[in-house]
Structures are given as C-alpha cells and as structure tokens.
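Proteins come first, then strands; the chains are lettered A, B, ... in the order of their sequence lines, and each starts at number 1. Quick caveat, the model's predicted, so the values are computed rather than measured.
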Amino acid sequence: MKKILMKISYCLAIAAFLGATAAAHAGLAIIAHPSNPIAGITADEAAKIYLGKSTSFANGRRVVPVDQRQGTRSHKKFYKSVVKKDDRALKSYWSKLLFTGKAKPPEVIGDDQAVKKWVAEHRNGLGYVDAKVLDRSVKVLLVVP
Amino acid sequence: MKKQLLSALGLSLCLGGGAAWAEGITFNGFLTAGATYGDSEVGTQDGNINNNVEFTNDTRIGIQLSAEVNPRVDVTAQLLARAKEDNSDVVADWAFVSYKLTDPLKVRAGKLKLPTFLISDYIEVGYAYPWIRPPQEVYFSNPISTINGVDLLYNAYFGDFNLLIQPYFGQSKGGEALIPQEVLPLLTPPPPPGTVAYLDFTAEEMKGINLSIGTDFFTVRAGYLETKVNAPFPGIDDDDVEFYSLGATLDWRNIVIYGETFERKIDGVANLAFPNQRGSYATLGYRIGKVLPHVTYAQLDEYDQEPFNPAAGYGQALEQESVTVGLRYELGSGAALKLEAQRVEPEEGTRGLLIGDPNDPALDDPSKSVNIYSIAIDVVF
C-alpha cells in the first residue's frame, strides 16, 4: 500500500512538474476580437496579413493587424516562426513598400498586455501575444508552440 | 544646404521612427551619408565626383508623412533634401492622394515617383538595395524621376505570386537635363569645356506602364514609357521619346542577383541632349551573415544612333563599361555601411559618363580608365 501511494505521488509530482513546464513555455497565441466569427487562422494567412499582402480575414472581414514593439519576446518569436523574416529582410521589405506609398507596416501597440487590450477593443483587430496572458477578452485563432 | 539637412536630421531623430503623431498619421524617414573620391582629374559629368573627397553625390535625407483619411483614402508626402541639388530648399519629392477602389486596385493622383526601372520607385532609400547607387549606365538614362499625374496600381496576390500592373499618365515640368559636353560649343556664348550646365525641359503627354510579377524571392519586370519633350533650345519642340526597360532580381538562399537593360530613342533636336542609347548591368552578390559582397558589370552603348552631327540635331551617344566591387555590412537594425570601388572605362572614343576623356594626353596622368571609391551609411527610421 505504502509502495503504491509513493508511486502515485511520484507520478503526480512528475505530472505537476511537466504541467508547470508546459505552462511556462505556453507559446504564442494569435488573437482576434471575440465577436469575430472566424474559426481560426493559418500561420501562412497571418504572415500575409502582417506583410500587407492581405487586408482581410479568410471570411472577408477587414483586418487591422497590430505589432508589438521590436525587441519583445513575442515580436521576436512571431517574426521568426510565423512571418519567417529576419530583421534585415523585414526592414528591407517594408522600405520598398512604405517609401513608395504602396503599403504601411502594422501599427506598433506595445507589449503583450497592450496588444491584448487593443484587440479586445477593436472588432477587426488581429494581434499576437504570449499565451500566458490569455483570458476571455480575446479569441484565440492559432497557437504557435 | 548643410543647415537644412542638419535641422531635418535633428527633428527626425527627436521624433523617432514610425511614430504616430495622431490617430492615423505616421512619420518615417531615411538618410544616406556618403563620400566619394575619383583618382583622375577627369570626374563624372555632373561634377559631383572628382579627385577630391566630396560628399555631395550620395548624401540625402527623406521624410515621409502619411495620413489615413478613411479606410479607402490615404494622403502621402515625401520631403527630400539632396546634397547635390543646387538650391537649398527641401523639395517635395512626391505627394499624392490614393483611393482604394477594390482590394487589389488603387488609383493615385498627384506628384508620383516614376517607375522607370526596377528600383526607381525607392531609389532614394539606399537601405533598400545593395549598392551605394544603382548602376549609372542604366539609371542615368532617364532624368525624369517624378510625374505630375495619375496612376493605377493593380497589386494582386495569387498564392505565392504577386502581380503588379501600373499604368500611368501625366507630365513633368521643371525637369533639368545635363547639357552634354559636346553640345556646349553650340551655346552662345560657348562655356569652357568642363562646365556643368543644365537645360530646363518639360515632358508632356507622358504615358507608360510598369508590369511586374514575382514571389518573395524573385521579381521580373518590364516597362514602357513614351513622352514628348520641350525645351527652350531652338528646335526642341514636341520631340518624341520612347523608353523600353526590362529587369529581374533574385534574393534566394543568400544569393542576390540584379539585372536590367534599357533602350531609349529620341527624335528631333532633343536627340542632342538625349541621344539614342542602350545599356545594361548584372550584379551578383552572396550574403554571409551580416556582410554582402557583390560585383557588378555594366555597359552603356549607342543604339541606332546617327553619328554626331549638331547641325542635323544628332547628339553624341556615350559608351562605357564599368566593373564595381562592393560590400554591404549591416550595422544593427535599420542601418547599413557600404563600401565600393568602381573602374570606369569610356569606349569608342567617347567620354562615357565622365566629364572628359581620361586618356587625354594633355592631362598630368592620362589613363584609359578612372577608379571611383565610395563609402556610405544608409539608415531607415
């Protein structure tokens, strides 16, 4: 009996440890306003929106993407894993569109908390935040591990 | 000029980049600071590069203001100050209103940048391309950089492909053409050889189209432009100009390639200032971490041009070839340092794009070619 109890508590300890670890590296969540009927978004669709190649969600609704400040963890992760462009390539890309008046990069809002608040208040908003800050004020479209 | 540049720079640094002054208004800018040195008494034909260290050829600053009036309408203006402009005013390089008709289709009206070549659109933004300046054998050929008029931007995405169809229509007043050295003796009184002088001209009924297709890592484009040129010089009256251009660029797995070619034909006495020419260049580079070394071969030729005959209105077509080796080094975010060495060799007995023949026996140190060394820092903010 004692042996079983020890085994169970040992397993629970490991499970708790793994759970905690998983929560600490929860990943990046791409979020939208709760009223947005869209079921989800692919990394490719998100990348196109953030590069100004698309101005609407897959369901036709106008999209207003917002960025975090350069240097935040989420910004680094988003551009590395979803958009897949390094800083030089991204700046070069936008130089050619911005300074020719063809397109503008997304507005910079701030950090995880600021982006979550903004998306919760804007019907057409799209943003990315650390999954840690998620709550019911926003709808999760995609999680990038 | 220096004062203007410094105060504009100070203002822009204070405001910071990409700042939103008010809801919907954004501000961005770019800056190049550059120095040049040529190893011959014979420098470039516009006098900006010679055998002294000069800062005028490439130094410039641009500030762009953009305001969203509503989701369909944008107003954009770009102020540009170039060290090589004679006047000390900051000029509005372009300013226009754009209206989005449908998602891929926009119409723009105002003073627009003319998309003659691959990078013409953003030629002032040094950060956006590998060289300090794009190969002059191609880029010198169109002295008109902006058009007052209207254009249509059909910019659509099909899977990974981007298609751009951009027709435009308008005119250019206040353009300036460098008076070729061979034409100076025709002026009264004739200025001495080596004088850098400009002729005002207007281009009317400008119509053309820019077409491009590409993906994230390559682009192919073609362009056509026709216009009528007028100038206060006897006989330059509604002279026809035709321009064809083709270009391609690749940026794939750190391999960087650029290549372009053009042909231009000018009828009438305007041919004295703008002879028929054809030119091309090819650039190959390879990115290794923060460094991009590159090499360019460029060539300028006559194109179906009659021999020089001022009385009949035939100008002197210029011919040259050049090889440039360069290095671009990324300095942190939004800044790059560039170094270049170029060997320019005029051909067929012409002076090429230089102000005279570098092999003239009357010079202290005649040589078939001129070496031009340049350094520049490009910043976007």
Side-chain angles (χ1 to χ4, degrees), chain A residues 42-72 75-76 79 82-110 114 118 121-125, chain B residues 17-20 23-24 26 28-30 62 64 66 68 71 74-78 93-96 98 100 103-104 106 108 110 112-113 115 119-130 153 155-157 159-160 162 164 166 216 219 251 287 290 292 328 330 332-336 378 380:
Chain A
T42 65
D44 196 50
E45 285 166 348
K48 284 201 160 75
I49 290 168
Y50 273 83
L51 289 175
K53 295 182 185 181
S54 176
T55 54
S56 56
F57 285 101
N59 62 4
R61 182 154 160 163
R62 196 177 139 245
V63 63
V64 182
V66 290
D67 243 339
Q68 290 201 18
R69 253 190 342 258
Q70 192 176 353
T72 66
H75 183 282
K76 277 198 197 110
Y79 281 95
V82 178
V83 180
K84 301 196 176 96
K85 275 193 195 288
D86 67 20
D87 183 60
R88 181 210 57 84
L90 191 67
K91 279 227 149 61
S92 197
Y93 174 84
W94 280 117
S95 297
K96 296 175 197 172
L97 292 175
L98 174 63
F99 293 113
T100 55
K102 287 203 183 110
K104 272 190 295 227
E107 197 185 333
V108 176
I109 294 295
W118 194 92
E121 292 168 0
H122 291 81
R123 277 189 75 243
N124 296 329
Chain B
E23 191 65 41
T26 49
N28 289 274
F30 55 86
Q64 178 164 317
S66 179
E68 191 186 281
D74 272 330
V75 174
T76 314
Q78 194 180 91
D93 195 32
W94 43 262
F96 60 83
S98 98
K100 192 197 291 198
D103 206 8
K106 256 191 214 176
R108 310 190 302 179
L112 306 160
K113 204 82 177 167
I119 68 158
S120 300
D121 240 0
Y122 51 88
I123 195 172
E124 308 294 345
V125 190
Y127 185 83
Y129 46 83
L153 275 178
N155 198 6
Y157 291 89
D160 284 334
N162 171 223
L164 173 71
Q166 181 185 10
D216 223 15
T219 302
D251 191 333
R287 201 175 283 120
K290 291 191 177 153
L292 173 64
R328 176 186 162 135
E330 307 302 322
S333 184
D378 293 321
V380 289

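Annotation: maximal heavy-atom pairing with chain A below 4.5 Å, among P115(B), P71(B), S98(B), P104(B), occurs at P71(B). Per-residue heavy-atom pair counts under 4.5 Å with chain A were compared for D251(B), I119(B), N155(B), V125(B), and the maximum is reached by V125(B). Top candidate by heavy-atom pairs under 4.5 Å with chain A, chosen from L153(B), N162(B), D121(B), is D121(B). Note: G101(A) leads G101(A), A89(A), A103(A) in heavy-atom pairs under 4.5 Å with chain B.
Of all heavy-atom pairs between A128(B) and S92(A), the closest is O-OG, 4.0 Å. Closest non-hydrogen pair, S56(A) versus D103(B), comes out as OG-OD2, 4.5 Å.
For F96(B), the part sitting under 4.5 Å from any heavy atom of chain A is the side chain, from C-beta outward, and nothing else. If you measure heavy-atom distances from D74(B) to chain A, the contacts under 4.5 Å come from the side chain alone. Within the 4.5 angstrom heavy-atom criterion, atoms from both the backbone and the side chain of S333(B) approach chain A.
For the atom pair K100(B) NZ and T55(A) OG1, the distance stands at 4.0 Å (nearest 0.5 Å). Separating the CH2 atom in W94(A) from the OH atom in Y127(B) is a distance of 14.5 Å, to the nearest 0.5 Å. Interatomic distance, R328(B) CZ to R88(A) CZ, rounded to the nearest 0.5 Å: 6.5 Å. The NZ atom of K96(A) sits 7.5 Å away from atom OG1 of T219(B), with the distance rounded to the nearest 0.5 Å.
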- Message: Could you walk me through whether Q78(B) and F99(A) satisfy the side chain to side chain contact (heavy atoms under 4.5 Å, CB included) test, starting with their C-alpha distance in whole Å, then the side-chain angles of each, then the deciding distance to 0.1 Å, before giving a yes or no?
- Response: CA-CA 8 Å; Q78(B) 194 180 91; F99(A) 293 113; 4.0 Å; yes
- Task: For K53(A) and D216(B), run side chain to side chain contact (heavy atoms under 4.5 Å, CB included): C-alpha distance rounded to whole Å, both residues' side-chain angles, the deciding distance at 0.1 Å, then the answer.
- Result: CA-CA 11 Å; K53(A) 295 182 185 181; D216(B) 223 15; 3.5 Å; yes
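The main-chain N or O of L98(A) is found under 3.5 Å from a side-chain atom of Q64(B) such that the two form a donor-acceptor pair. Side-chain N or O atoms of K106(B) include one that pairs as donor or acceptor with a backbone N or O of K102(A) at under 3.5 Å.
Taking the side chain as every heavy atom from C-beta outward, D160(B) and K48(A) approach each other to under 4.5 Å.
Side-chain contact check for T100(A) and K113(B): no donor-acceptor pair (N or O, by modelled atom type) lies under 3.5 Å.
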